[in-house]
Amino acid sequence: MDTARLQRSFTTVAAHGDELPLYFYSHLFLTHPETRPMFPPAMGGQRDRFVRALIEIVGKVHQVQAVVPYLQQLGRDHRKYGVTAGHYPVVGASLLATLEHFLADDWTPEVASDWAAAYDLVAKVMTNAAAEAEETAPAFWDAEVVGHERRGPGIAVVTVRTDQRLPYVPGQSVSVQSPLASRMWRYLSPANAPRTDNTLEFHVRAVDGGWVSPALVHATAKGDVLRLGPAVGNGLTLDEPSDADLLLLAGGTGLAPLRAIIEQLDGRRQRRNVDLYVGARTEDELYDLPALRQLQDRNRWLTVIPVVQRGFSPGLAIGEPARVAVGHRHWRGAEVYVCGSGEMVSTSLEVLATAGIDPQTVRRESYTYNGHAGSPVDLPQEARA
Ligand SMILES: Cc1cc2nc3c(=O)[nH]c(=O)nc-3n(C[C@H](O)[C@H](O)[C@H](O)COP(=O)(O)OP(=O)(O)OC[C@H]3O[C@@H](n4cnc5c(N)ncnc54)[C@H](O)[C@@H]3O)c2cc1C
Ligand code: HEM
């Protein structure tokens, strides 16, 4: 396989943007209509992650070593869509047909064989990981809603109990599907450390014009059954053991994984200080302060600092969590975790950089949605060209 030739054709094809998924899906659904029900009813080029990711991953196969753990996770995760090993050649054929269409005269037998070999390699990593997971874990977990509490405008705390233990580490996320928005999976971060009763608490903000989050906040009740996928991500998981101080910056429901991390440390004696700056637009969006105060009361190492963007209330800092934090003290040497909207995360990184904290060292997660600009794949840094 000539990886330089493959990359050149990747660059040519990637320039076609939203036309790629449209062609790919038309080809897939015409040749294999049985795959249509695996995908969400409403699909559009802009919102697609799958096809762009597929082309990006396969086209950058020369970095495959760097993305093996990601591909293994992706393969395990694909079981929740009902994907089996037999689907891979089918998708591979539609991928090659799409590339042939857009590369036109550049689609030589050599280029065709490069792409076929690259796809097979990626598919093999994914199918092997899926086969291994088959032995130990279900494809998805059914989770009954056992608590639903509206807190503040457009925010709900949804507690579910899974039918079997769903293994995860604080800071990870799981994908969630509601019966009200069929086949649409969205990531949510458990706000608690794993519990023996198999309950998970989700903090959900209803996004304007969104499909899944308004359903979870406004139309979900106790007794409903959600479907959860396996836990993913290591961007926010804690590196232990460490004595370095922890600075946690949360924006809105970006609090959830950071609270799970605090729960992971709850009750432990430790030398380091943990400072949580929890940001919200207004005071009534500070939806979880009582639980945070309880954690603070139990743990001398924890300080919770609520921050609002606007308004005035005694005891509340005003501004962005990162700006308030760097105004309080120097954080050099601290481990910094940031979670919130894409905008909140990028502002935080800029502010931290001006305070001498290298953005590369900051652990972060952005609550982006499908269709958000940027890389469709959470490829590790070294694999981004
Ligand atoms: C790792 C991770 C963890 C997350 N954890 C949480 C969490 O704990 N809590 C939480 O509240 N959220 C979390 N999120 C965000 C969550 O996954 C969803 O993205 C969010 O809830 C919106 O989903 P939705 O289905 O309601 O909106 P979507 O239907 O995905 O729409 C989102 C927005 O996109 C707009 N939109 C729709 N179609 C298009 C289009 N074609 N082009 C452009 N824009 C369009 C909509 O108007 C809306 O404003 C997390 C995200 C990630 C990536
Ligand atoms: C090399 C092989 C493949 C790669 C690299 C790949 C990659 C991806 C990625 C990155 C996503 C987005 C996941 C997310 O949002 O978390 C995705 C979604 C999806 N993939 Fe794959 N995939 C592959 C093979 C397949 C196959 C064989 C099928 C079977 C038909 C399939 C069906 C799906 C479905 C149904 C979704 C969800 C789409 C949506 O929600 O809009 N994938 N894939």
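Model, not experiment: these values are computed from the prediction. Remember, it's 1-based here, ligands and their atoms both numbered in the order they're listed.
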Original post:
Should one rank Y88, W185, Y187 by closest heavy-atom distance to atom 24 (C) of ligand 2, which comes out on top?
Top reply: Y88
Subject >> Chi angles and distances behind the side-chain contact (heavy atoms from CB on, under 4.5 Å) call for D275, D245 >> reply: CA-CA 8 Å; D275 289 77; D245 284 348; 5.8 Å; no
Subject >> Test side-chain hydrogen bond (donor to acceptor under 3.5 Å, both in side chains) applied to D243 and R272, R271, Q270, the passing residue >> reply: R271
Original post:
Just heavy atoms, cut-off under 4.0 Å: does M184 contact ligand 1 by side chain, backbone, both, or neither?
Top reply: neither
**OP:** Report the C-alpha distance between L247 and Y277 in whole Å, list the side-chain angles of each, state the deciding distance to 0.1 Å, and finish with yes or no for side-chain contact (heavy atoms from CB on, under 4.5 Å).
**Re:** CA-CA 8 Å; L247 168 60; Y277 288 79; 3.6 Å; yes
Original post:
Which ligand 1 atoms does P214 reach within 4.0 Å, using its non-hydrogen atoms?
Top reply: 26 (O)
Subject >> Region of Y25 engaging ligand 2 - heavy atom pairs below 4.0 Å >> reply: neither
Original post:
Quick check: are there more than 12 heavy atoms from other residues, nucleotides or ligands sitting under 6.0 Å from CZ of R300?
Top reply: no
Subject >> Contacting atoms of ligand 2, where contact means under 4.0 angstrom from a heavy atom of V91 >> reply: 26 (C), 27 (C), 28 (C), 29 (C), 30 (C)
Original post:
Any idea which atoms of ligand 1 are less than 4.0 Å away from a heavy-atom of T253?
Top reply: 9 (N), 10 (C), 11 (O)
Subject >> Minimum side-chain heavy-atom gap V83-Y88 below 4.5 Å >> reply: yes
Subject >> For L54, the ligand 2 atoms whose distance to one of its heavy atoms is below 4.0 Å >> reply: 1 (C), 2 (C), 3 (C), 4 (C), 5 (C)
Subject >> H87 neighbourhood, listing ligand 2 atoms whose heavy-atom distance to it stays under 4.0 Å >> reply: 27 (C), 29 (C)
Original post:
For ligand 1, which part of D208 has a heavy atom less than 4.0 Å away: the side chain, the backbone, both, or neither?
Top reply: backbone
Subject >> Of all pairs that satisfy salt bridge (charged side-chain N to carboxylate O under 4.0 Å, His left out), the ones with a partner from residues 204-218, not counting sequence neighbours >> reply: R205-E285
Original post:
Are any of the N or O atoms of A256 closer than 3.5 Å to those of ligand 1?
Top reply: no
Original post:
Among Y187, W185, W211, which one has a heavy atom closest to atom 52 (C) of ligand 1?
Top reply: Y187
Subject >> Verdict with reasoning, E134 to R79, per side-chain contact (heavy atoms from CB on, under 4.5 Å) >> reply: CA-CA 9 Å; E134 200 73 48; R79 295 168 59 227; 3.3 Å; yes
Subject >> Heavy-atom neighbours of E132 CD exceed 12 at 6.0 Å >> reply: no
**OP:** For atom CZ of R323, decide whether the heavy atoms of other residues, nucleotides or ligands shown that lie under 6.0 angstrom number more than 12.
**Re:** no
Subject >> Part of S173 within contact of ligand 1 (heavy atoms, under 4.0 Å) >> reply: side chain
Original post:
Which ligand 2 atoms are under 4.0 Å away from a heavy-atom of Y70?
Top reply: 10 (C)
**OP:** Within a distance under 4.0 Å of any heavy atom of I57, pick out the atoms of ligand 2 and give their elements.
**Re:** 5 (C)
Original post:
So which of H78, Q177, M184 gets nearest to atom 31 (C) of ligand 2, if we judge by its closest heavy atom?
Top reply: H78
**OP:** Check the side chains of T84 and H87 for a donor-acceptor pair under 3.5 angstrom, ignoring hydrogens and angles.
**Re:** yes
Original post:
Relative to ligand 1, is V207 under 4.0 angstrom through side chain, backbone, both or neither, heavy atoms considered?
Top reply: side chain
**OP:** Could you name the option among G210, G342, G340 that has the heavy atom nearest to atom 27 (O) of ligand 1?
**Re:** G210
Original post:
Going by the atom numbers of ligand 1, which of them fall below 4.0 Å from some non-hydrogen atom of E365?
Top reply: 1 (C)
**OP:** Using a strict cut-off of 4.0 Å, indicate which atoms of ligand 2 neighbour a heavy atom of A53.
**Re:** 10 (C)
Original post:
Counting from 1, what ligand 1 atoms have a heavy atom of V204 closer than 4.0 Å?
Top reply: 11 (O)
Original post:
Taking atom types as modelled, is there a side-chain donor on Y23 or H16 under 3.5 Å from an acceptor on the other?
Top reply: no
Original post:
Is any side-chain N of the basic residue among E56 and K60 closer than 4.0 Å to the acidic one's carboxylate O?
Top reply: yes
**OP:** Would you mind telling me if ligand 1 is within reach of the side chain of S366, the backbone, both or neither, using heavy atoms under 4.0 Å?
**Re:** backbone
**OP:** Return the option from Y81, F50, F39 holding the heavy atom at the smallest distance from atom 23 (C) of ligand 2.
**Re:** F50
**OP:** Can you figure out which of A123, P40, P37 has its heavy atom closest to atom 39 (C) of ligand 2?
**Re:** P40
Original post:
What atoms in ligand 2 come closer than 4.0 Å to a heavy atom of V122?
Top reply: 1 (C)
**OP:** Answer side chain, backbone, both or neither: which part of V58 comes under 4.0 Å from ligand 2, heavy atoms only.
**Re:** neither
Subject >> Heavy-atom neighbours of R269 CZ exceed 12 at 6.0 Å >> reply: no
Subject >> Transitive ILVMFWY side-chain link V157 to V146, under 4.5 Å >> reply: no
Original post:
Is there any N or O on S213 that sits under 3.5 Å from an N or O of ligand 1?
Top reply: yes
**OP:** List the steps and the verdict of side-chain contact (heavy atoms from CB on, under 4.5 Å) for V111 and D106.
**Re:** CA-CA 8 Å; V111 171; D106 293 337; 5.9 Å; no
